[in-house]
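Protein chains get the first letters and strands the later ones, always in sequence-line order, with residue 1 at the start of each.
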Amino acid sequence: MTQENIYKQQRLEKAGRLIEAGINPYNNRLHPEHVASDLREKYEPLTGEELEGVTEDFSIAGRVIAIRSFGKAGFIKLRDRTGEFQIFTQKGKMGEQGDVVLKNTEVGDFLHVAGKLFRTKTNELTLRVEKLNIITKAIEQLPEKWHGLTDVETRYRQRYVDMIANPEVKEVFKKRSQIVSFIRRYFEEKDFLEVETPMMQAIPGGAKARPFMTHHNALDLDLYLRIAPELYLKRLVVGGLERVFEVNRNFRNEGISTQHNPEFTMLEFYMAYATYEDLINLTQDLLNQLAITVCGSEIVGYQGKEISFQKPFARYTLVESLEKHLGYTKEQTIDRAFLLNECDKHHFEVKNKDTIDLGIIQILLFEELVEKQLISPTFITHYPTSVSPLSRRNDEDGSVTDRFELFIFGREIANAFSELNDPVDQKERFMKQVKERESGDDEAMYMDEDFVTALEYGMPPTAGEGIGIDRLVMLLTDQPSIRDVILFPVLRPDK
RNA sequence: GAGGCGCUAGCUCAGUCGGUAGAGCACCGCCCUUUUAAGGCGGGUGUCCUGGGUUCGAAUCCCAGGCGCCUCACCA
């Protein structure tokens with residue numbers, strides 16, 4: 001990409017000619033009184049004859065996205081935030097300096113125009129320009145009008161160009177905004193309080209993941225970008241905020257893929273006097289309403305398939321899912337030798353075969369073989385305690401927890417559980433994590449003494465959940481890559 | 001981190017056997033007062049991702065590197 005190309009020079013020369021004629025190519029004194037959608041809504045129903053009776057002047061402003069010129073007259077298509085609108089220019093009829101402006105206007109510039117409405121021969125509602133002003137000169141050339149901009153690297157690096165060339169991209173992010181806005185309203189209406197907890201934490205906690213590290217100079221303190229807000233949100237429940245939620249970024253120092261961006265947005269919420277069963281109901285209600293609100297239907301198309309958000313969603317325990325999707329018998333699902341043999345059969349590497357927890361073998365088979373089959377929204381419950389260090393044990397079977405994950409299109413969308421509020425048990429589970437860390441698992445959790453202390457003060461029975469917002473937005477906007485729902489995804493610097 | 005594919009004009013893309021760069025849009029000049037990808041005539045405006053190598057000669061072949069995408073690994 002050349003720094004100074006000939007086109008830019010030509011455009012700079014045009015800006016120079018405007019300045020010579022006493023015209024400021026970056027005029028900020030002119031403000032439009034109308035937007036494209038105003039004019040369209042109000043005057044689209046009128047015929048050409050009826051429009052002749054409208055003596056009012058209208059002014060709009062916007063970016064030039066097409067010019068069709070006929071010498072002494074021409075059509076220009078302007079775009080503002082509400083849509084596109086055609087204007088009609090005629091030499092000698094556009095104010096003092098209109099002709100100079102027109103001569104030096106090209107696709108990409110911003111114009112401010114005023115005039116009256118009429119209908120063209122092809123019956124398009126159009127503004128006949130009486131005053132023409134340039135308000136911003138673009139000195140970079142826009143991508144062409146047919147193919148637009150398709151190079152994904154440029155699309156992500158220069159999202160602003162992407163949005164100009166591919167206006168449908170803006171729709172994805174409008175929907176994303178609607179989704180987040182809907183979620184906020186949903187929880188506020190249920191008496192939840194939105195809070196903000198630390199992004200920079202001395203002890204990263206609340207998830208198993210590698211963190212980003214940073215350093216505070218004045219305190220000479222190493223800090224980690226948070227991998228989850230969980231432990232702080234539960235401290236707030238201890239403090240008496242019985243219903244809290246936070247929608248914000250988490251940071252995990254791991255690989256990048258169509259499903260992973262190093263910073264991603266997570267909704268986490270905690271509800272005292274509720275169990276994971278309550279959250280199953282809440283979650284399917286929330287997603288059902290979101291689909292209806294944002295997509296207009298409980299059935300949502302995604303990458304050529306249909307996903308139904310009709311209630312109730314499918315629901316299985318982890319072990320049931322192995323029976324249903326892999327055809328194992330109930331006995332086989334708890335038969336270590338059988339399950340290890342299955343792992344071998346599918347060529348999964350299993351470390352420490354002699355000591356490995358039964359639950360971890362089940363999880364391994366689930367993740368490798370079952371997860372991808374869960375296209376329709378499906379709750380999987382009863383996760384092994386060994387992989388759930390912050391979850392409450394099931395009252396009937398302490399080897400599993402009162403936890404669920406929600407899968408849609410083979411992807412984990414939500415993770416929720418009745419929270420462990422027994423400080424003694426919590427401390428023991430942290431100790432177990434510390435041991436795993438010491439034996440080489442650099443994703444194992446750190447001991448958080450203060451969090452244990454908080455539990456010692458007493459946390460009411462509580463259920464909590466995290467929902468990956470980016471992945472949810474992908475599903476509801478039919479986007480194949482997480483980068484398509486993040487405005488500025490992480491990329492290596494260019495050159 | 002590993003493998004596969006890609007990178008040529010502002011954009012979208014061709015480029016044969018290695019012979020010295022080309023099309024549409026955009027842009028520049030001229031014509032044109034109702035277009036919808038307006039039209040007609042004329043004009044290529046280039047670090048062929050970067051650096052080496054082979055060769056009389058490299059966009060093309062070889063080596064190294066960069067960036068991106070996909071798959072896998074890790075993970076949500």
With sugar-phosphate meaning primed atoms plus P, OP1 and OP2, does [X] contact a base, only sugar-phosphate, or nothing at under 4.0 Å between heavy atoms?
X: A/T258; value: sugar-phosphate
X: A/Q90; value: base
X: A/Y156; value: sugar-phosphate
X: A/N261; value: base
X: A/G466; value: nothing
X: A/R157; value: sugar-phosphate
X: A/F407; value: nothing
X: A/N415; value: nothing
X: A/K77; value: base
X: A/G255; value: base

Phosphate OP1/OP2 of [N]: any [X] side-chain N/O under 4.0 Å:
X: A/T150; N: B/U12; value: yes
X: A/R483; N: B/C70; value: yes
X: A/R68; N: B/U35; value: no
X: A/R492; N: B/G68; value: yes

Q. Are A/T265 and A/R176 close enough, and set up right, to give a side chain to side chain donor-acceptor pair (under 3.5 Å), and what steps lead you there?
A. CA-CA 11 Å; A/T265 301; A/R176 180 175 176 129; 3.2 Å; yes
Q) Should B/G44 form a Watson-Crick or G-U wobble pair with both distances under 3.5 Å, which nucleotide is its partner? A)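 Across all strands, not a single nucleotide pairs with B/G44.
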Out of [options], whichever nucleotide has its closest atom nearest the side chain of [X]:
X: A/L491; options: B/C69, B/C32, B/C70; value: B/C69
X: A/Q86; options: B/U35, B/C11, B/A76; value: B/U35
X: A/I6; options: B/U45, B/U34, B/A76; value: B/U45

Nucleotide [N], atom [atom2] - distance to [atom1] of [X] in whole Å:
X: A/I164; N: B/C11; atom1: CD1; atom2: P; answer: 14 Å
X: A/I363; N: B/A76; atom1: CD1; atom2: P; answer: 11 Å
X: A/Q259; N: B/C69; atom1: CD; atom2: P; answer: 14 Å
X: A/I256; N: B/A2; atom1: CD1; atom2: P; answer: 15 Å
X: A/D151; N: B/G68; atom1: CG; atom2: C1'; answer: 8 Å
X: A/R210; N: B/G1; atom1: CZ; atom2: P; answer: 12 Å
X: A/K8; N: B/A9; atom1: NZ; atom2: P; answer: 16 Å

Q) Any stacking of A/F75 on B/U35, going by centres under 5.5 angstrom and planes within less than 30 degrees? A)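 Yes; by the centre-distance and plane-angle rule, A/F75 counts as stacking on B/U35.
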Could you list, one pair per line, each protein nitrogen or oxygen that sits under 3.5 Å from a nitrogen or oxygen of nucleotides 26-28 of chain B, together with the distance?
| unit_1 | atom_1 | unit_2 | atom_2 | d |
| --- | --- | --- | --- | --- |
| B/A26 | OP1 | A/K145 | NZ | 2.7 |
| B/A26 | O2' | A/Q141 | NE2 | 2.2 |
| B/C27 | O2' | A/Q10 | OE1 | 2.2 |
| B/C28 | OP1 | A/K14 | NZ | 2.2 |

Over 60° means perpendicular and under 30° means parallel, so classify the ring planes of [Y] and [X], tilted if in between.
X: A/Y276; Y: A/F404; answer: tilted
X: A/F451; Y: A/F430; answer: perpendicular
X: A/Y446; Y: A/Y224; answer: tilted
X: A/F192; Y: A/F187; answer: perpendicular

Q. Minimum heavy-atom separation for A/A207 to A/R252, with atom names?
A.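 Minimum heavy-atom contact is CB-NH2, 3.4 Å.
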**Q.** Among A/L279, A/I280, A/L374, the one residue meeting side chain to side chain contact (heavy atoms under 4.5 Å, CB included) with A/F379
**A.**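 In the set A/L279, A/I280, A/L374, the residue that makes a side chain to side chain contact (heavy atoms under 4.5 Å, CB included) with A/F379 is A/I280.
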Q.
Tell me which residues in residues 36-56 of chain A lie within less than 4.0 Å of RNA chain B, going by non-hydrogen atoms.
A.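 Hits under 4.0 Å, by residue number: none.
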